[in-house]
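Before any comments, here is the structure.
Just so you know, residue 1 is the first one in the sequence shown, and it goes up from there. Computed over heavy atoms, backbone and side chain alike; hydrogens, waters and symmetry mates excluded.
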Amino acid sequence: MESSPSEEVFLGAFQFQPENIIQMFPLQNQPARAFGAVKVKISSNWGNPGFTCLYRVRVHGSVAPPGGAASPEPLP
């Protein structure tokens, strides 16, 4: 998400495979700038009308210097 909540940047659509406990999804759209927040939208939960449960969502990337250009140094 950009600094304004109404400005969203699409980074990709992914499908969870229930037979794999841990999954990683590389971005489909990789803009060369940093984001302060990430929004995860669940579009289907295999038919359960009552709830959707996420245990953990992690976002990995690189530290961006002031100005938004990506740095080659990975986060710890």
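- Taking both residues in full, the closest heavy atoms of Gln23 and Gln17 are given as NE2-O, 2.5 Å, listed atom of the first, atom of the second, then distance.
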Worksheet item: So Gln15 and Phe25, side chain to side chain contact (heavy atoms under 4.5 Å, CB included) or not? Walk me through it.
Response: CA-CA 9 Å; Gln15 184 171 358; Phe25 305 100; 6.0 Å; no

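- Rounded to the nearest 0.5 angstrom, Phe51 CZ and Ile42 CD1 are separated by 13.0 Å.
- Closest approach of Asn29 to Phe10, counting heavy atoms only: ND2-O, 2.8 Å.
- Here the CG-NZ distance, from Leu11 to Lys39, works out to 12.5 Å after rounding to the nearest 0.5 Å.
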